[in-house]
Amino acid sequence: MYKLHITMGTAKMEGIPSFNTAATKNPFCIKMNASADKSLICTNCYAVNTEKRYVNLVGALERNNDLFERILLDTELPRLNYAIARFDSFGEVHNAIHVLNYFNIARKNPETTFGFWTKRKDLIKKVLKMVSKPANVILIHSSAKKNKADRLPAGYDKVFTAHKKSDLKPSITINCSKSCNDCRLCYSHNDVVFINEIMK
Ligand code: SF4
């Protein structure tokens with residue numbers, strides 16, 4: 001039986017584990033990535049580019065896709081030994097079952113705080129009608145467009161927006177730093193709702 005693959009972060013996410021699936025097999029990601037609207041952040045998809053560069057990773061991500069299609073048994077959920085972890089450092093949740101599995105992983109690991117990035121407000125709304133968000137999940141809405149912060153959706157903790165340096169508005173404060181492990185703004189309950197980063 002396959003076990004969930006956990007990706008260990010590098011660069012900004014050095015030392016932080018994350019749970020991911022293949023964006024190249026996610027209908028939402030495929031549609032967004034192919035959009036003619038180049039103001040959408042998905043047209044510069046980090047996940048699709050990563051999958052092209054690291055082809056050996058794709059098999060593991062696809063097996064995660066398959067596993068997250070059903071509600072995993074408690075015995076299949078990993079027990080982590082990390083203070084912080086992330087859901088979707090690349091890729092996106094596929095459906096409500098996928099979100100429920102993430103919440104179940106968080107419930108199994110109450111000592112770990114999970115940053116959960118998603119654009120799927122529709123799925124989150126559906127799931128939050130069924131269950132409450134675990135207290136150790138920081139739910140982060142990824143703004144759809146570059147250089148334009150979306151409003152904070154109901155039930156979310158934060159909004160994350162990527163900015164092209166050349167189009168950066170003077171009113172925007174860049175508060176995303178180079179090391180998540182040092183910063184932890186997205187991995188703790190705090191007063192900062194809007195997070196802005198410069199696109200690489
Ligand atoms: S704000 Fe901090 S924790 Fe959030 S992504 Fe940027 S570096 Fe990481």
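FYI, the numbering just counts along the sequence from 1. Values reported hereafter were calculated over all heavy atoms of this structure, with side chains retained and with hydrogens, waters and symmetry mates removed. Everything quoted here is computed from the prediction, not taken from an experiment. Counting starts at 1 for both ligands and their atoms, in listed order.
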Nearest to atom 2 (Fe) of ligand 1, what protein heavy atom do you find, and at what distance?
-> Cys183 SG, 2.3 Å
Output the list of atoms in ligand 1 that are nearer than 4.0 Å to some heavy atom of Ser177, sorted by atom number.
-> 6 (Fe), 7 (S)
Near Ile195, which atoms of ligand 1 are under 4.0 Å from a heavy atom of that residue?
-> 1 (S)
Does a side chain donor of either Ser39 or Asp37 reach within less than 3.5 Å of an acceptor in the other side chain?
-> yes
Contact atoms of ligand 1, heavy-atom distance to Tyr187 under 4.0 Å | 3 (S)
So, are Glu14 and Lys178 salt-bridged, with charged N and O less than 4.0 Å apart?
-> no
Atom 8 (Fe) of ligand 1 - nearest protein heavy atom and its distance | Cys180 SG, 2.3 Å
Of Tyr46, Tyr187, Phe19, Phe90, which is the lone residue that meets ring-ring contact (aromatic ring centres under 6.0 Å, His included) with Trp117?
-> Tyr187
Lys126 versus Asn95, side-chain donor and acceptor atoms under 3.5 Å = no
Any Arg184 heavy atom less than 4.0 Å from ligand 1 = yes
Within a distance under 4.0 Å of any heavy atom of Phe160, pick out the atoms of ligand 1 and give their elements.
-> 5 (S)
Residue, atom name and distance, where the atom is the protein heavy atom closest to atom 4 (Fe) of ligand 1 = Cys186 SG, 2.3 Å
Near Leu185, which atoms of ligand 1 are under 4.0 Å from a heavy atom of that residue?
-> 1 (S), 3 (S)
For Ser89 and Asn20, test the side chains for any donor-to-acceptor distance below 3.5 angstrom and give the result as yes or no.
-> yes
Between Asn196 and His163, a side-chain donor and acceptor under 3.5 Å | yes
Determine whether the side chain, the backbone, both or neither of Lys12 has a heavy atom under 4.0 Å from any heavy atom of ligand 1.
-> side chain
Consider only side-chain N and O atoms of Thr173 and Asn175, and report whether a donor and an acceptor are under 3.5 Å apart.
-> no
Minimum-distance protein heavy atom relative to atom 6 (Fe) of ligand 1 = Cys176 SG, 2.3 Å
Specify the closest pair of heavy atoms between Phe194 and Ala149, including all atoms of both residues, with the distance to one decimal.
-> CD2-CB, 4.2 Å
